[in-house]
Number of protein chains: 2
Amino acid sequence: MSTRQRVRPGGRSARVQASVHTAVRELLEERGREALTVPLVAQRAGVTPSTIYRRWGTLQELLSDVAVERLRPDTAPEDHGDLRSDLTAWAEQFLDEMTSASGRAYIRDALLGDPDGDNAGQCSAYAAEQINVILARAADRGEHGPDVETVMDRIVAPMMYRILFRPAGLDAAYARRLVTELFGGRGKGGQ
Amino acid sequence: MSTRQRVRPGGRSARVQASVHTAVRELLEERGREALTVPLVAQRAGVTPSTIYRRWGTLQELLSDVAVERLRPDTAPEDHGDLRSDLTAWAEQFLDEMTSASGRAYIRDALLGDPDGDNAGQCSAYAAEQINVILARAADRGEHGPDVETVMDRIVAPMMYRILFRPAGLDAAYARRLVTELFGGRGKGGQ
DNA sequence: AGCCTAAAGCACAGTCCTTGCGTTAGCGGT
DNA sequence: ACCGCTAACGCAAGGACTGTGCTTTAGGCT
């Protein structure tokens, strides 16, 4: 079962979903994730727990839904005039947002309550979308650069891997280094 | 609180931990993850639920512990005579193991019940260890290749990212391609 | 305007979580 | 080798959470 909700806007369902999502975000900030329970969220949202159980099934699936919504980029990547600057700026901002405690928590939540990998795929699609915008702009300028898959492999994947598995010592310099190495910086590879 | 157990071997604690871990692995295979509950594991392991709650706190932290134990490589990477072959073989095997349904489940469990990122770091350390063995062997042969961090960024991270976020269409060819590109294959990067 | 369906509320039963207290195993000291 | 001491386990009970059958309501559709 996909957890993403497809409710028509304006109806009661939409109101319930919105108020539940809001309740989750508020309670996450106020009391932290450990303190969250379905009944607590239900009370804050002004619904009964059974409503949440029926629509989301599990607290984790609900959290996953909220997380994906929160991880959706709300703005197009900034235009700095050339591909490399755009990628660098985007990577720095991405890493900065995702490295924060709440950012990591959202990523983990998105991965967590996600039986069929649907929500995780959505997160990846968001990043790919942003990168596509950057690459398309570069193509319009006449620059020719890597394709999306390469950027995902060389920039996004390493950042995400470290965020998830080795969160210590991550900073903007790492993001810049990845971009530099992608652009033919002296990669240490090769034999 | 770190969930990793530091019990002395031979004592009662060690016996309890072993029987609980075994119970988890057995029940995971028999009934699947959804059916797992703390009381169920406790019954199979021959302990009381409160013991599990006290030592692990949560089913997820327990699962995380078991997952990390299971993700530990039990054998040194094969020696194929040269660095590139070693890396390719290792990457193929790694991807194959991790792409399986149970492999992905273990990875997610390891990430999941892991408040301070301790278990996730351990997983990453396992991979780094294996790669270090491969690189050390290459150095002994007189080959000079990339350093560990580069291999983590270029091989491990992309595979893990796709396993977690885009599990569709992953195969050995992808692993080979990553190694090829690392070894100066025509990377599509650069402007 | 009225029907009809999907979703929410209500209530209750079953399970799980959590903790206080007593007991025990086994480590360390003499 | 014995004995005290501490950390860990078992037991039991209270409270909270999960999940479901049935009823009610909102709002889309003709």
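Residue numbers begin at 1 in each chain, while the letters A, B, ... track the order of the sequences.
Put simply, CG on A:Leu59 is 18 Å from P on C:dC16, counting in whole angstrom units. Atom-to-atom, CD1 of B:Ile52 to C1' of D:dC11 comes out at 15 Å; the value is rounded to the nearest Å. A straight line from CD of A:Gln43 to C1' of C:dG9 spans 16 Å, rounded to a whole angstrom.
Regarding contacts with the backbone of C:dA8, every side-chain N or O of A:Thr51 stays at 4.0 angstrom or more from both OP1 and OP2.
Every residue two or more places apart in sequence or in another chain that forms a side chain to side chain contact (heavy atoms under 4.5 Å, CB included) with A:Arg33 is listed here: A:Leu28, A:Gln60, A:Leu63, A:Asp109, A:Leu112. In this structure B:Glu34 satisfies the side chain to side chain contact (heavy atoms under 4.5 Å, CB included) test with no other residue, sequence neighbours excluded. Taking the ring pair (Phe, Tyr, Trp, His ring centres under 6.0 Å) definition, one finds that A:Tyr106 meets it with nothing, sequence neighbours left out. For B:Thr48, the side chain to side chain donor-acceptor pair (under 3.5 Å) partners are B:Ser50, B:Thr51, not counting sequence neighbours. Remark: B:Glu129 engages no residue in a side chain to side chain donor-acceptor pair (under 3.5 Å) (not counting sequence neighbours). Applying the side chain to side chain contact (heavy atoms under 4.5 Å, CB included) test to A:Val148 and every residue at least two apart in sequence or in another chain returns A:Ala128, A:Ile131, A:Asn132, A:Leu135, A:Met152. In this view, A:Tyr174 and A:Arg162, B:Asp153 satisfy the side chain to side chain donor-acceptor pair (under 3.5 Å) rule, not counting sequence neighbours.
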Pairwise N/O distances under 3.5 Å, protein to nucleotides 20-23 of chain C:
unit_1	atom_1	unit_2	atom_2	d
C:dG20	O6	B:Arg54	NH2	2.2

Protein N or O to nucleotides 3-6 of chain D N or O, pairs below 3.5 Å:
none

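Near DNA chain C, defined here as any heavy-atom distance below 4.0 Å, there are no residues from residues 26-40 of chain A.
Applying the salt bridge (Lys or Arg N to Asp or Glu O under 4.0 Å) test to residues at least two apart or on different chains, the pairs with a partner in residues 88-99 of chain A are A:Glu92-A:Arg176. Within the structure, ring-ring contact (aromatic ring centres under 6.0 Å, His included) pairs that include any residue of residues 58-91 of chain B comprise B:Trp90-B:Phe94 (at least two apart or interchain).
Taking the charged nitrogens against the carboxylate oxygens, A:Arg177 and B:Glu149 have no contact shorter than 4.0 Å, which rules out a salt bridge.
The backbone N or O of B:Glu61 lies less than 3.5 Å from no partner atom in the side chain of B:Thr58, so there is not a single donor-acceptor pair.
Listed candidates were C:dG26, C:dA8, C:dG9. Nearest to the side chain of B:Arg15 is C:dG26.
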